[in-house]
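Take a look at the structure set out below.
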2 protein chains.
Amino acid sequence: MTALARRLDTPDRLEPADDTILAALPHIRRELEPGQYLVRDQGHPKYCCFLLSGFTIRHKFVGDGARQIVAINLPGDFVDLQHVLLETADHNVEALTACSVALIDAAALVDGAFASPAIGKALWRHSLVEASIFREWMANIGRRDGRARTAHLLCEVGVRRETAGLGARAQFELPMTQEQLGDALGLTAVHVNRSLRGLEAEGLIARTRRSVTVLDWNGLAAAADFDPAYLHHR
Amino acid sequence: MTALARRLDTPDRLEPADDTILAALPHIRRELEPGQYLVRDQGHPKYCCFLLSGFTIRHKFVGDGARQIVAINLPGDFVDLQHVLLETADHNVEALTACSVALIDAAALVDGAFASPAIGKALWRHSLVEASIFREWMANIGRRDGRARTAHLLCEVGVRRETAGLGARAQFELPMTQEQLGDALGLTAVHVNRSLRGLEAEGLIARTRRSVTVLDWNGLAAAADFDPAYLHHR
DNA sequence: CGATAAGTTGAGAGTACTCAACCACGGTGG
DNA sequence: CCACCGTGGTTGAGTACTCTCAACTTATCG
């Protein structure tokens, strides 16, 4: 679980004793295929999933069958930290790509959090940063038009990938279909397509099937009304 | 701070020692007038606000000046629990009505959380439930039409008020203008007006200027696609 | 009782959706 | 090796939901 220790080492430095606690957490490794569900809405997971590699999405369905993707998770993210203290899942977690995950015993993780304030603060803080991203997504979906929404998601993924050490923010793989992008943005796949092509026509981005190159980061950020403060990075 | 102890007494029971810790938290009481700001975006609050009476809203502005209300807080809610561990505010907090609040020293609250796991779990859980509400709002804004969105907000406020002991879910004051409702729902005030009048015409609700009576709870919940599971009540 | 904020209504515009057809890429099997 | 097939991407046309703007009404407050 060195990946876990590395992820929790900010903002407060972990002590060697903390590393010991983390290393001793009961967990199992699992490999997931694209499309595989990790958590089902209304389920009662007893573990907490830490994403080692790959992308996951979290989504919920509304009455008419439409879907809202509420989060995209990158390596180094806890995918369902809420299940350490909430008994019943309120949404689904699904592997977007092939993934490696560590399933950590939820009760043990809570014990670890209260055995070491540094661990506890890092985990709690993780929950809080995630909530901040949710708030920005609400503003994005509720108050920006299709073009800005789409651009905002590209900016966020670029920055978060960069922060996670997965490469430059201006060039990355985005392993989502336009249908999935639409579900994340509150748009239809058709409208996502037109938004992406619009950004491309403006010279802000270039695309191949699943990779995005930002040609003009400042221009894209302006189109997106993107300010990374909500990510609460250091 | 008996209100605080009462709020944190679930899901785990607090011990007398916990009550002692809570009672000793350094805090100041403050009375707020409608419209007064408690926290400003990009500010660095050193306290954490517990709402004793009144309503607050939390909102953020996007580039073109539009506003998204990301949360409505009721008495017994922590209004800005994220500031115990995040240094910089990512949104504004504003009093919707006259409010009484307790401003608790953030560092002391964190210390209390790690001095007593029961307190720490209750606070962390509070953050997680809030995040669940954010997710539902994302789905609401992104994937439901104006009528359903509006109905959903009414259902949520009704249930949360009831749970907070403020009265029956079917009859309550909603001290928000249609402009504010629109900012919470990602709609314009005009469209909120039409949605509310539509729900009224269907016989689901009755309204006076600021109070709502639900005439047909099941009908309204069906129109809203409302399932209270995301509130994670006991 | 006037002033102001909020609510209501109508008409026209625009963004985003729906439906449907067509295209492009990747994978598979003959 | 290449044709076929399926998923996903692209495009156009028509529709519909929501917005904008503006006027008018109603409530509240000094």
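Both backbone and side-chain heavy atoms feed into the values below; hydrogens, waters and symmetry mates do not. Chain naming here is simple, since letters A, B, ... match the order of the sequence lines and numbering starts at 1 in each. In this text, all values refer to a predicted model and were calculated from it rather than measured experimentally.
The distance between atom CE of A:Met176 and atom P of D:dG9, rounded to the nearest whole Å, is 11 Å. Going from atom CD of B:Glu179 over to atom P of D:dC19 covers 12 Å, rounded to whole Å. In this structure, B:Glu200 atom CD and C:dT9 atom C1' are separated by 15 Å, rounded to whole Å. A:Leu185 places its CG atom 18 Å from the P atom of C:dT15, with the value rounded to the nearest Å. The CD1-C1' distance, from B:Ile141 to D:dT18, rounds to 15 Å in whole Å. Rounded to a whole Å, the CG atom of B:Leu199 is 13 Å from the P atom of C:dT8. If you measure from atom CZ of B:Arg210 to atom P of C:dA5, you get 13 Å, rounded to the nearest angstrom. Straight-line distance from the CG atom of A:Leu181 to the C1' atom of D:dG9: 12 Å, rounded to whole Å.
Contact annotation: A:Arg207 side-chain N/O to D:dG8 OP1/OP2 distance is not under 4.0 Å. Residue B:Asn193 places no side-chain N or O under 4.0 Å from the OP1 or OP2 atom of C:dG7. Between A:Gln178 and D:dT7 there is no side-chain N or O to OP1 or OP2 distance below 4.0 Å. The side chain of B:Arg197 places an N or O atom within less than 4.0 Å of a non-bridging phosphate oxygen (OP1 or OP2) of C:dT8.
Side chain of B:Arg144 to main chain of B:Arg149: no donor-acceptor pair is present (N/O by atom type, distance under 3.5 Å, no hydrogens or angles).
A centroid separation of less than 6.0 Å is found between the aromatic rings of A:His59 and A:Phe61. Two rings, from B:His91 and A:Phe134, have their centers 6.0 Å or more apart.
Exactly one residue among A:Arg135, A:Arg125, A:Arg58 makes a salt bridge (Lys or Arg N to Asp or Glu O under 4.0 Å) with A:Glu130. That residue is A:Arg58.
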Can you name the atoms? Protein N/O to nucleotides 16-23 of chain C N/O, anything below 3.5 Å, with the distance.
from, atom 1, to, atom 2, distance (Å)
C:dA16, OP1, A:Gly146, N, 2.9
C:dA16, OP2, A:His191, NE2, 3.0
C:dA16, O5', A:His191, NE2, 3.4
C:dC17, OP1, A:Thr188, N, 3.4
C:dC17, OP2, A:Thr188, N, 3.2
C:dC17, OP2, A:Thr188, OG1, 3.0
C:dT18, O4, A:Arg194, NH2, 3.4

Please tabulate, one pair per line, all N/O donor-acceptor pairs under 3.5 Å involving side-chain atoms of residues 214-222 of chain B, not counting sequence neighbours.
from, atom 1, to, atom 2, distance (Å)
B:Asp216, OD1, B:Asn218, N, 3.4
B:Asp216, OD1, B:Gly219, N, 2.8

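Between A:Val62 and A:Gln68, every side-chain heavy-atom pair lies at or beyond the 4.5 Å cut-off.
Environment of CD in A:Glu31: crowded, with over 12 heavy atoms of neighbouring residues, nucleotides or ligands closer than 6.0 Å.
The side chain of A:Arg209 has D:dG8 as its nearest neighbour among D:dG8, C:dA6, D:dT11.
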